[in-house]
Student: 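First the structure, then my questions, so here it is.
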Amino acid sequence: MKDTAPPTAAAPACNRLAAGLRELRARTGLSMAALAERTAYSKSSWERYLNGKQLAPRQAVEVLCAMAGEPPGRLMALWELADGEWSGRADSAPDPVAAPAAARPGDGGPDDGGPGDNRPGDDRPGDGRSVRSAEPGQARRGHSGLSGWAGPRGWAVVAAAVCVVAVAAAVWVAVLPNTGSNGSTARVPSTAPPPPGCRGQGCVGKDPGLMGCGMPSRVRALGPPLRTSTGARLEFRYSAACAAAWARIWHSHIGNVIEVSSGGEWRRAEVTDTYDTQEYVFTPMVDGTDRTKLRVCFEPGGGGTRECFAPGG
């Protein structure tokens, strides 16, 4: 497999796949080293996959989707397109029949998103989609690696999926009146998210995303963002569903460290690489039963004064 990325203009699916993987990685809140520890792929391999220098294996995409709590369907369809581009099969495939100009998705609409749109904002970044395992929704701003990717082949995949759903729905409607016993109606499967994986003291030291505590419907900020003397921003995050809290940092520099505590053991996170400086970095969770005891401390890289804050400043 090549280590050099195809030309940008010739490989839109490859570029969007890499952007999507960066988004998922940021959603997990894991550094590159931590990601390597939790998977079968090395830190250097993940760096190549995320910056588009090498096409990620299918299994790596599936693993990252699972870690970030992302349904794999969209990224796997995008991986198929990227694999065709990377191998050259896409260049040799017959050209699709041109659709009428009015039916071409993506034409004529403004889309000024770019790599910089994935970075936290100047003061308080929005939570975006409902991403990014440490917290789903944290990295989707502006142009996303999972949106705007459907070219002719991408829309063919989408069309096929819609057909499958339509057929399944028709079968369901036909069968539904005759299901159950004694005239009872079959129950529609619930689409509710799974319950949190921990609560209170049971969450201490665990990842908020992997435990389901960082879902957008379950998390909120405790007070406004906190600004350090170096310009880095800190924020307390709290999940009532998990009775747990944690902290995050952005606008950071390599070597920055944050620690959070609720009166017990401190839980630590460090900014270890360039990717970390461009995204949020999250600490593990602490017991959030008594929020008055919450404290977060910041230490700049290379030594410096330790700064500590309570919720609300």
Student: Looking at NE2 of H253 and OG1 of T230, how far apart are the two atoms once the value is rounded to the nearest 0.5 Å?
Tutor: 5.5 Å
Student: Could you give all pairs that pass the disulfide bond (SG atoms under 2.5 Å apart) test and reach residues 15-51, with sequence neighbours left out?
Tutor: none
Student: Going through the distances and angles, do R38 and V63 end up as a side chain to side chain contact (heavy atoms under 4.5 Å, CB included)?
Tutor: CA-CA 10 Å; R38 290 164 171 77; V63 166; over 6 Å; no
Student: Over all heavy atoms of both residues, which pair between R218 and P195 is shortest? Give the atoms and the distance, please.
Tutor: NH2-CA, 3.8 Å
Student: As an exercise, state the distance from CG of L17 to CH2 of W86, rounded to the nearest 0.5 Å.
Tutor: 9.5 Å
Student: If I compare all heavy atoms of G301 with all of N256, which pair ends up nearest, and what's the gap?
Tutor: N-ND2, 3.2 Å
Student: Taking all non-hydrogen atoms of both residues into account, name the closest pair between S252 and V271 and its distance.
Tutor: OG-CG2, 3.4 Å
Student: Should T277 and W250 be marked as a side chain to side chain donor-acceptor pair (under 3.5 Å) after you check the CA-CA gap, both sets of side-chain angles, and the distance that decides it?
Tutor: CA-CA 7 Å; T277 66; W250 69 98; over 6 Å; no
Student: Using side chain to side chain contact (heavy atoms under 4.5 Å, CB included), reason through F236 and L226 one step at a time and then give a plain yes or no.
Tutor: CA-CA 9 Å; F236 286 97; L226 306 164; 3.9 Å; yes
Student: If you apply the rule side chain to side chain contact (heavy atoms under 4.5 Å, CB included), what do you find for L234 with I258, and how did you get there?
Tutor: CA-CA 8 Å; L234 312 178; I258 57 170; 3.5 Å; yes
Student: Listing request: all disulfide bond (SG atoms under 2.5 Å apart) pairs with a residue in residues 219-306, at least two apart in sequence or in separate chains.
Tutor: C213-C242, C297-C308
Student: Quick one: closest heavy-atom pair of R25 and D273, and the distance?
Tutor: NH2-OD1, 3.9 Å
Student: Sequence neighbours left out, what passes disulfide (SG to SG under 2.5 Å) with C65? Give chain and number order.
Tutor: none
Student: Are the side chains of D276 and M32 in contact, using a 4.5 Å heavy-atom criterion?
Tutor: no
Student: How long is the straight-line distance from OG of S44 back to NZ of K53, given to the nearest 0.5 Å?
Tutor: 11.5 Å
Student: Less than 4.5 Å apart, any side-chain heavy atom of T28 and any of L210?
Tutor: no
Student: Which residues pass the side chain to side chain donor-acceptor pair (under 3.5 Å) test with T274, sequence neighbours left out?
Tutor: none
Student: How long is the span from the CG atom in L64 to the CH2 atom in W46, to the nearest 0.5 Å?
Tutor: 4.5 Å
Student: How would you list, by chain and number, every residue that makes a side chain to side chain donor-acceptor pair (under 3.5 Å) with D287, sequence neighbours excluded?
Tutor: T289
Student: A quick test of your reading: do over 12 heavy atoms of other residues, nucleotides or ligands sit less than 6.0 Å from NZ of K293?
Tutor: no
Student: Taking the side chain as everything from C-beta on, heavy atoms only, tell me whether V257 gets closer than 4.5 Å to I249.
Tutor: no
Student: Check this for me: does any side-chain nitrogen of one of E279 and R22 sit under 4.0 Å from a carboxylate oxygen of the other?
Tutor: no
Student: Would you sort out whether E270 and S31 count as a side chain to side chain contact (heavy atoms under 4.5 Å, CB included), showing the intermediate values?
Tutor: CA-CA 8 Å; E270 182 176 357; S31 67; over 6 Å; no
Student: Check whether L222 and V286 end up in the same hydrophobic cluster, where Ile, Leu, Val, Met, Phe, Trp and Tyr are linked by side-chain heavy atoms less than 4.5 Å apart.
Tutor: yes
Student: To the nearest 0.5 Å, how far apart are CZ in R267 and SG in C203?
Tutor: 11.5 Å
Student: Are V281 and Y275 side-chain neighbours, meaning at least one heavy-atom pair lies under 4.5 Å?
Tutor: no
Student: Does NZ or CZ of R306 come closer than 6.0 Å to the centre of the six-membered ring of W266, within 45° of the ring's axis?
Tutor: yes
Student: Would you check if the side chain of T228 reaches a backbone N or O of A232 as a donor-acceptor pair within less than 3.5 Å?
Tutor: yes
Student: Partners of R295 by side chain to side chain donor-acceptor pair (under 3.5 Å), sequence neighbours excluded?
Tutor: none
Student: If you measure only the distance, is there a donor-acceptor pair under 3.5 Å linking the side chains of E259 and T283?
Tutor: no
Student: If every non-hydrogen atom of Y41 is compared with every non-hydrogen atom of Q59, which pair is closest and at what distance?
Tutor: OH-CB, 3.4 Å
Student: Give, for atom CZ of R16 and atom CD of E85, the distance between the pair rounded to the nearest 0.5 Å.
Tutor: 9.0 Å
Student: Indicate, with yes or no, if Y49 and M76 share a hydrophobic cluster defined by side-chain heavy-atom contacts under 4.5 Å among Ile, Leu, Val, Met, Phe, Trp and Tyr.
Tutor: yes
Student: Could you check if a side-chain atom of R58 sits within less than 4.5 angstrom of a side-chain atom of E80, using non-hydrogen atoms only?
Tutor: yes
Student: Side-chain contact, heavy-atom cut-off 4.5 Å: K43 with L35?
Tutor: no
Student: Which atom names give the shortest non-hydrogen contact between A60 and A56, and what distance separates them?
Tutor: CB-CB, 4.5 Å
